[in-house]
Amino acid sequence: VQLQASGGGLVQPGGSLGLSCAASGSIFSINAIGWYRQAPGKPRELVAVITPNGLTSYPDSVKGRFTISRVNAKNTVYLQMNSLKLEDTAVYYCNAGRYFSGSDYFQKSDLWGRGTLFTVSS
């Protein structure tokens, strides 16, 4: 398995949850990792990116609520989500790709981890 996402579950609005994406060493060391989500009936949406040297990027929809981080020794990227909203409910995926900081563009690859579902519900 090259990418494996985990940590989904059920959370109440306003709550917090953390997700993990474990990657093989060869992928982790040279690729940026992006977290995507896909809600029912909606396209897959990028929610966070982190480069090998720790540069991060977020869309406005999650900025200030989501934090992406990485622990190189564990080949793992984390997504901490706070102040959760109903609309954060989705299947979350991680992807290994390339990030172009000048244009704030994440070029995803075919390397997807198995998604993990979490639901925000009261």
Side-chain angles (χ1 to χ4, degrees):
V1 177
Q2 293 183 305
L3 287 169
Q4 181 67 56
S6 61
L10 177 64
V11 183
Q12 292 186 336
S16 299
L17 187 73
L19 302 179
S20 301
C21 175
S24 64
S26 60
I27 292 174
F28 190 82
S29 63
I30 64 173
N31 284 277
I33 302 294
W35 277 102
Y36 284 79
R37 67 185 179 188
Q38 188 165 24
K42 294 187 177 181
R44 199 167 290 190
E45 171 193 20
L46 180 66
V47 296
V49 175
I50 190 165
T51 65
N53 61 1
L55 181 66
T56 61
S57 177
Y58 308 90
D60 289 341
S61 59
V62 307
K63 195 172 292 182
R65 300 190 299 120
F66 288 13
T67 302
I68 190 170
S69 61
R70 60 193 292 151
V71 177
N72 293 335
K74 295 184 177 181
N75 291 344
T76 301
V77 169
Y78 301 94
L79 184 67
Q80 179 64 36
M81 302 174 289
N82 300 324
S83 301
L84 287 168
K85 305 176 181 179
L86 297 177
E87 54 263 39
D88 293 320
T89 295
V91 177
Y92 284 70
Y93 303 86
C94 51
N95 181 274
R98 296 180 65 192
Y99 178 67
F100 300 90
S101 59
S103 55
D104 191 23
Y105 173 67
F106 180 73
Q107 183 182 56
K108 63 184 181 292
S109 70
D110 292 332
L111 293 172
W112 291 97
R114 182 179 299 179
T116 185
L117 170 67
F118 94 89
T119 302
V120 182
S121 175
S122 56

If you define the side chain from C-beta out and look only at heavy atoms, does anything of Arg65 sit under 4.5 Å from Met81? no
Apply side chain to side chain contact (heavy atoms under 4.5 Å, CB included) to the pair Gln4 and Arg114, showing each step before the final yes or no. CA-CA 6 Å; Gln4 181 67 56; Arg114 182 179 299 179; 4.2 Å; yes
Holding to side-chain hydrogen bond (donor to acceptor under 3.5 Å, both in side chains), I want the full list of residues that pass it with Ser16, two or more places apart in sequence or in another chain. Asn82
Applying a strict under-4.5 Å side-chain criterion to I, L, V, M, F, W and Y, I'd like to know whether Val91 and Leu79 cluster together. no
Answer with yes or no whether the hydrophobic clustering places Val49 together with Val77; edges join I, L, V, M, F, W, Y residues whose side-chain heavy atoms lie under 4.5 Å apart. no
Can you name the side-chain contact (heavy atoms from CB on, under 4.5 Å) partners of Asn72, sequence neighbours left out? Phe28, Arg70
The complete set of ring pair (Phe, Tyr, Trp, His ring centres under 6.0 Å) pairs with one or both residues in residues 31-52, sequence neighbours excluded, reads Tyr36-Trp112
For Thr116 and Gly7 the tightest heavy-atom approach is OG1-N, 3.9 Å
Evaluate whether atom CG of Asp110 has more than 12 neighbouring non-hydrogen atoms of other residues, nucleotides or ligands under 6.0 angstrom away. no
Are Phe66 and Ile50 in one and the same hydrophobic cluster, where Ile, Leu, Val, Met, Phe, Trp and Tyr link if side-chain heavy atoms are under 4.5 Å apart? yes
Set of side-chain contact (heavy atoms from CB on, under 4.5 Å) partners for Glu87, sequence neighbours left out: Lys85
Could you go through the side chain to side chain contact (heavy atoms under 4.5 Å, CB included) check for Leu10 and Ser121 one step at a time? CA-CA 7 Å; Leu10 177 64; Ser121 175; 3.9 Å; yes
With clusters defined by side-chain heavy atoms of hydrophobic residues (ILVMFWY) lying less than 4.5 Å apart, directly or transitively, does Leu19 cluster with Leu86? yes
Taking only residues two or more places apart in sequence or in another chain, which ones pass side-chain contact (heavy atoms from CB on, under 4.5 Å) with Ser122? Pro13
Provide the closest heavy-atom pair for Ala96 versus Leu3 in the form atom of the first, atom of the second, distance. N-CD1, 3.7 Å
Once rounded to the nearest 0.5 Å, what's the spacing between atom CD of Gln2 and atom CG of Asn31? 10.0 Å
Taking atom CZ of Arg98 as the centre, does the number of heavy atoms from other residues, nucleotides or ligands within less than 6.0 Å exceed 12? no
Please confirm whether the backbone N or O of Val120 pairs with a side-chain atom of Thr89, one donor and one acceptor, at under 3.5 Å? yes
Do Leu46 and Arg37 pass the side chain to side chain contact (heavy atoms under 4.5 Å, CB included) test, and can you show the C-alpha distance, the side-chain angles, and the key distance before you say yes or no? CA-CA 7 Å; Leu46 180 66; Arg37 67 185 179 188; over 6 Å; no
Can you name the closest pair of heavy atoms from Asp104 and Ser57 and give their distance? OD1-OG, 2.5 Å
Drop me the distance from Lys63's NZ to Thr56's OG1, to the nearest 0.5 angstrom. 9.5 Å
Group every Ile, Leu, Val, Met, Phe, Trp and Tyr by side-chain heavy-atom contacts under 4.5 Å, then state whether Val47 and Ile33 land in the same group. yes
Would you say the side-chain atoms of Asn95 pair up with the backbone N or O of Leu111, donor to acceptor, closer than 3.5 Å? yes
Pairs touching residues 70-106 that satisfy ring pair (Phe, Tyr, Trp, His ring centres under 6.0 Å), sequence neighbours left out: Tyr92-Phe118
